[in-house]
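To keep things clear, I will list the structure first and then write my remarks on it.
Atom set for the values below is all heavy atoms of this structure, side chains included, hydrogens, waters and symmetry mates excluded. In this text, all values refer to a predicted model and were calculated from it rather than measured experimentally.
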Amino acid sequence: MVISSSRHVGTLEAIMVFATCLRGEAPFEIALRDLCVALGAEAGLLSRRGAGKMTSQIAFQSARPASSLQRLTRAFCDNVVPTDPFRMKCGASFLLSRIGPPDDGNAHVLDEWRRASGTRDILVIFLEIERSHVDRLELHFRAPLEGERLTMLDDVGATLSRVYRQRRPGVIVDALTCRRGLRPDAAFTEDPPVLSEDNRYGLTRSEFRICYLVSRGRSYKALPEELGVSPHTVRGHLRNIYQKLEVSDFFELSHRLISIEERQTSHVSLLGAA
């Protein structure tokens, strides 16, 4: 990485802290915080996705001091880059403003998040790609990325990936386990798909159909007309769905359902739901 400004110097220092934390010498949250500050991001998050067709796991999150960004509590990398992550290359970077919004239901999730948080752009970096998992870093920005700052971000992905792959064995697994409060052997437990033939969550036929429509990008307001029922009836179904899936609101439900895994399993017959 070419160092030509104080911002580049700060980025290099943050990468050195990143390497130190990956050796297990400091909490990983420190590395994430310093990267956010050096790169001018409001928030950052590291997620690990297992090889199974399940939801991504959130590893860490941090935000700059006094950040006004709504708290980042879930990964958006699958929404920004809605393709098979196992086919990507280590160090590859994707900036939402460059690749443009996806043309499917993922655009709805991203629009909702950007309105709620004030996020202007999202950078996704593929840190490591193995047969068992994919680790990605995402950074959220409230200011447009341009000029020297944009050039710097083009270089940083490959550097972070090289540093990340030289980490101490087990450091990410240990940190994931500690962060989620799980046993070591349970650190990679993943939620089963909602739209599967076995209907593990016990959804009724109407609830299953609502989930299917949401997975296809339907908005909250579009559901009554699509289903031919009243808004009151839809609200009742959604309350039951939130409880069964243990999500808090329509935004969280949309994020979970509009994913590669759910869209791959949602070909099942709607009549198969209980």
Rounded to the nearest 0.5 Å, the CG atom of Leu253 sits from the OG atom of Ser248 at a distance of 9.5 Å
- Query: So do Leu160 and Leu35 actually touch side chain to side chain, heavy atoms under 4.5 Å?
  - Reply: yes
Correct closest heavy-atom pair for Leu139 and Gly44 would be CD2-CA, 3.9 Å
CD of Glu138 to CG of Asn79, rounded to nearest 0.5 Å, is 8.5 Å
Minimal heavy-atom distance between Gly91 and Ser161, with the atoms involved, is N-OG, 3.4 Å
Notebook entry, point to check: Do the side chains of Arg136 and Val81 get nearer than 4.5 Å, heavy atoms only?
Noted result: no
Show every donor-acceptor pair shorter than 3.5 Å between a side-chain atom in residues 221-232 and any protein atom, with sequence neighbours excluded, or say none if there are none.
{"residue": "Glu226", "atom": "OE1", "partner": "Arg218", "partner atom": "NE", "Å": "3.2"}
{"residue": "Ser230", "atom": "OG", "partner": "Thr233", "partner atom": "N", "Å": "3.1"}
{"residue": "Ser230", "atom": "OG", "partner": "Thr233", "partner atom": "OG1", "Å": "3.0"}

Tightest non-hydrogen contact, residues Ile129 and Cys90, listed as N-SG, 3.5 Å
Between Asp121 (side chain only) and Ser97 (backbone N and O only), is there a donor and an acceptor less than 3.5 Å apart?
yes
Separation between NE2 (His237) and CZ (Arg209), nearest 0.5 Å, reads 11.5 Å
Note: Ser93 and Gly157 closest approach over all heavy atoms is OG-CA, 3.6 Å
Any Pro85 side-chain heavy atom under 4.5 Å of Arg49 side chain: yes
Note to self: For a side-chain contact (heavy atoms from CB on, under 4.5 Å) check, start with the C-alpha distance between Arg235 and Tyr220, then their side-chain angles and the critical distance, and finish with the verdict.
What the structure shows: CA-CA 9 Å; Arg235 285 195 295 271; Tyr220 182 93; 2.8 Å; yes
message = If we count only N and O atoms by modelled type, under 3.5 Å, do the side chains of Thr83 and Arg87 hold a donor and an acceptor together?
response = no
For Tyr164, the side-chain contact (heavy atoms from CB on, under 4.5 Å) test, sequence neighbours excluded, returns Phe18, Leu22, Leu46, Arg48, Leu127, Glu128, Asp135, Arg167, Ile172
Distance col, row Asn199:CG vs Phe208:CZ, nearest 0.5 angstrom, shows 6.0 Å
### Query
If we only count heavy atoms from C-beta on, is the Cys77 to Ser47 side-chain gap below 4.5 Å?
yes
Closest non-hydrogen contact found for His140 with Trp113 is ND1-NE1, 3.1 Å
- Does the side chain of Val17 reach to within under 4.5 Å of the side chain of Arg33, using non-hydrogen atoms? no
Sorted by chain and number, sequence neighbours left out, ring pair (Phe, Tyr, Trp, His ring centres under 6.0 Å) with Phe94 holds for Phe126
_Could you check whether Glu207 pairs with Lys244 (Lys NZ or Arg NE/NH1/NH2 to Asp/Glu carboxylate O, under 4.0 Å)?_
yes
How about Val214 and Phe250: do any of their side-chain heavy atoms sit closer than 4.5 Å? yes
Q | Distance-only donor-acceptor check, side chains Ser117 and Thr119, under 3.5 Å | A | yes
dist Thr20:OG1 -> Glu25:CD (nearest 0.5 Å) comes out at 5.5 Å
Sorted by chain and number, sequence neighbours left out, side-chain contact (heavy atoms from CB on, under 4.5 Å) with Val80 holds for Leu96, Ile99, Leu110, Ile122, Val124
To the nearest 0.5 Å, atom CZ of Arg142 lies from atom CD of Glu42 at 6.5 Å
Using side-chain heavy atoms (C-beta onward) and a distance below 4.5 Å, is Leu32 in contact with Leu137?
yes
Is the shortest side-chain heavy-atom distance between Thr159 and Leu12 below 4.5 Å? no
Those residues at least two apart in sequence (or on a different chain) that pass salt bridge (Lys or Arg N to Asp or Glu O under 4.0 Å) with Glu112 are Arg115
The side-chain hydrogen bond (donor to acceptor under 3.5 Å, both in side chains) partners of Glu130 (sequence neighbours excluded) come to none
